[in-house]
Protein chains: 2
Amino acid sequence: MTIKDIAKLAGVSVATVSRVINDDAGVAEKLRNRVLQVIKETNYIPNTVGRNLRKSKSDMILVMLPTLSNPFYAKILKGIEKRASEHDYGILVSVTHHESRIEKKYLKMLQMKQADGVISLFSTLIAEELNDLAGKYPIVQCCEYTEGAHLPYVMIDNKKAAYEATKYFISSGHKRIGMISGSFYESSERAREQGYKEALMDSGLPFDEGYIFKSNYKPESAMEMCRKLLDMPEPPTAVLTVSDTLAIGAIKYLKSVGVEVGKDMDVIGFDNASITRVYDPTISTVSQPRYDLGTVSVDLVIEKINNLSTVNKGIILPHELILRESTRGEA
Amino acid sequence: MTIKDIAKLAGVSVATVSRVINDDAGVAEKLRNRVLQVIKETNYIPNTVGRNLRKSKSDMILVMLPTLSNPFYAKILKGIEKRASEHDYGILVSVTHHESRIEKKYLKMLQMKQADGVISLFSTLIAEELNDLAGKYPIVQCCEYTEGAHLPYVMIDNKKAAYEATKYFISSGHKRIGMISGSFYESSERAREQGYKEALMDSGLPFDEGYIFKSNYKPESAMEMCRKLLDMPEPPTAVLTVSDTLAIGAIKYLKSVGVEVGKDMDVIGFDNASITRVYDPTISTVSQPRYDLGTVSVDLVIEKINNLSTVNKGIILPHELILRESTRGEA
DNA sequence: TTGTAAGCGTTATCAA
DNA sequence: TTGATAACGCTTACAA
């Protein structure tokens, strides 16, 4: 069933059918109704591929996730979908598994006009590659920013968030604070490490690189890092981790060696994963406005779709430090 | 940069370029090399949309997930991607959020030939709708089966898995066993409830519908259900839940009222989520062969793509009961 | 207001 | 072995 068939059945030209489909003005009421009638009777749906080829546009936004293992992205996607559909865009999801080969493969969809824009939750590409692409296609970053890349982004102020978390530890009396970071999500990790550092220094506490350990985001690795922290000559009394999964690993290790979390040792995670509300103890964490991160990403990418040379906005959304049982201790 | 440009630059016809691109036999070595050279120099990539329109094929498989909140699907997707790429298929992910409106929208991609087949991790459609579609397009179900639908599927034997878990409880001496189920994933839930029931009956224990509670898959809801179980005149000494998230909720509630899990009360979950290895206590669970579920799904859908009228296979993959701290009790 | 026809980028048929 | 050309399904000048 193609537009030709509809035209024939309705006794009009394909152009008229196309006009009806696209709500073009200037079709006589009578013809319009006749065409609509036929369309209804036949359940005709215009072919997307034909249309895309002709219009060099797909009305699709590609969302690139680094992984499907992190439920963190679920709510962001909901925000994206909501706002996209308000603007009559569809969304397509791709998972890069942190591999640039895969990321590049999906980015070709832009060139083919199979997607009109991309929202990248994490890019493995280097700044130069991104800048090249961003000159040709609408690409925005959400949550993670590539240093040196000039494209729109939306995220929280990671440095400030870590700063506040660390300050909270300090205000509770902690003098030695450890950090479990990582080396996957460069931009947010570095910013959070910096916030941690500045909070210490602003409070007149010594900053020692040796109190920062880099994990691979698996809880098991956080357990190992936590062990190392405890084995230090002067072990910390509080630990900031860059993800809730790491906080869980840390807490698990602490419990296993009889350290009571929220009393002997405080822990703060990142992202407010749903498990933090049900873990034992419940876990203090930095919450990101996930839904809004999604909607704003869409606004940014649509702005670029409509005018590629629009100025690259960087938008910071507010975070929130959520205090739970894992930070009941006073040092 | 289109095939025409390449043809012009190489001094050949577009037909020849097309033949080279598609590895057609019967192109003189000399011409082939000349064309390849131009393609390399220009970084030319054939346009997918044009090709798809012409071939009525996209070499893409659409993966439909019910949600992005469940990391369960991550490894399945990896299996899918691996096997798909071995067969030169790409994959596209869509999230239905359990809404049939959304599911139907994505299924249109089949009609448009934007996807050659679909792997559905969960369908909201009724059997009749699925059968209609499956007559026209390659659709396979993975993990969840729609009763009355005639299409290929791959999953574990959910009834047997629940049977074994329940039998394990019984072998530990438990006489009253509760179940926290749900009403989202009909096929697996019903099968698991049935397995639970049969295990009780085969062991000469009474089966009482009142020991089965239906949650909404949120841990909070499992806490509530667990409270109800404990409030019964004769509370159970073991609980089987249809997901690990529910097991966590149950355990959290039990701990909150001073019931020691793995001693006073045993709990078994489903899916072997990574959190089950780090929760306190670690959680016994039924593990599904996720990666293989993915690869086999691809095999099935490709079989259908190649021959739609091939017989609908139903494949059962082996599960595994993994025992951890949450089942150390003896009643 | 409507229709004709060109063209989007391919592949595939047919003839040479 | 190669090339001209129709066709895939659609939109959009342009003409009528």
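Chain A is the first sequence line, chain B the second, and so forth, proteins listed ahead of strands; every chain is numbered from 1.
- Both B/G11 and B/K55 lie near DNA chain D, and the one whose nearest nucleotide falls closer to the 5' end is B/G11.
- Within the 4.0 angstrom heavy-atom criterion, no nucleotide atom of any strand lies near A/I6.
- In terms of position on DNA chain C, the residue among A/A15 and B/G50 whose nearest nucleotide sits closer to the 5' end is A/A15.
- Partner of B/V35 under the side-chain contact (heavy atoms from CB on, under 4.5 Å) criterion, chosen from B/I21, B/V17, B/V27: B/V17.
- Using a 4.0 Å heavy-atom distance criterion, A/T2 is classed as a sugar-phosphate-only contact.
- At the phosphate of D/dG9, neither OP1 nor OP2 sits under 4.0 Å from any side-chain N or O atom of A/R51.
- As rounded to whole Å, 13 Å separates atom C1' of D/dT1 from atom CZ of B/R34.
- Looking at heavy-atom distances under 4.0 Å, B/L31 makes contact with sugar-phosphate atoms alone, never a base.
- When rounded to the nearest whole Å, the span between NZ of A/K30 and P of C/dT2 equals 9 Å.
- The residue B/V49 sits apart from the nucleic acid: no heavy atom pair falls under 4.0 Å.
- Panel note: side chain B/D116, backbone B/I61; no donor-acceptor pair is recorded below 3.5 Å.
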Do A/R190 and A/E147 pass the salt bridge (charged side-chain N to carboxylate O under 4.0 Å, His left out) test, and can you show the C-alpha distance, the side-chain angles, and the key distance before you say yes or no? CA-CA 11 Å; A/R190 292 304 84 76; A/E147 195 64 45; over 6 Å; no
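- Nucleic acid contact for B/T16: sugar-phosphate only, since backbone atoms but no base atoms lie under 4.0 Å from a heavy atom of the residue.
- Judged by distance alone with a 3.5 Å cut-off, no donor-acceptor contact links the side chain of A/R54 to the base of C/dG9.
- Atom NZ of B/K4 is separated from atom P of D/dT5 by 12 Å (rounded to the nearest Å).
- The interatomic distance linking B/L53 (CG) with D/dT11 (C1') rounds to 13 Å, in whole Å.
- Aromatic rings from B/F184 and B/F122 are positioned such that their centres are separated by 6.0 Å or more.
- Taking the side chain of B/I3 as heavy atoms from C-beta on, and the options D/dT11, C/dT11, C/dT13, the nearest nucleotide is C/dT11.
- Among the heavy atoms of the strands lying under 4.0 Å from B/A28 are primed sugar atoms or P, OP1, OP2 only; no base atom is included.
- With respect to the salt-bridge test (charged N to carboxylate O, under 4.0 angstrom), the residues B/R83 and B/E86 qualify.
- If you measure from atom CG of B/N52 to atom C1' of C/dT10, you get 10 Å, rounded to the nearest angstrom.
- The side chain of A/S18 lies closest to D/dT11 when the candidates are C/dG3, D/dT11, D/dG3.
- Atom CG of B/D24 and atom P of D/dG3 are 14 Å apart (whole Å).
- Note: CD (B/Q114) to C1' (D/dG9) measures 13 Å, nearest angstrom.
- The nearest whole Å value for the distance from the CG atom in A/N47 to the P atom in D/dC8 is 12 Å.
- Neither OP1 nor OP2 of C/dG9 sits under 4.0 Å from any side-chain N or O of B/Y44.
- The pair A/D292-A/R290 does not meet the salt-bridge criterion, since no charged nitrogen lies less than 4.0 angstrom from a carboxylate oxygen.
- Here A/N22 reaches the OP1 or OP2 of D/dT11: one of its side-chain N or O atoms lies under 4.0 Å away.
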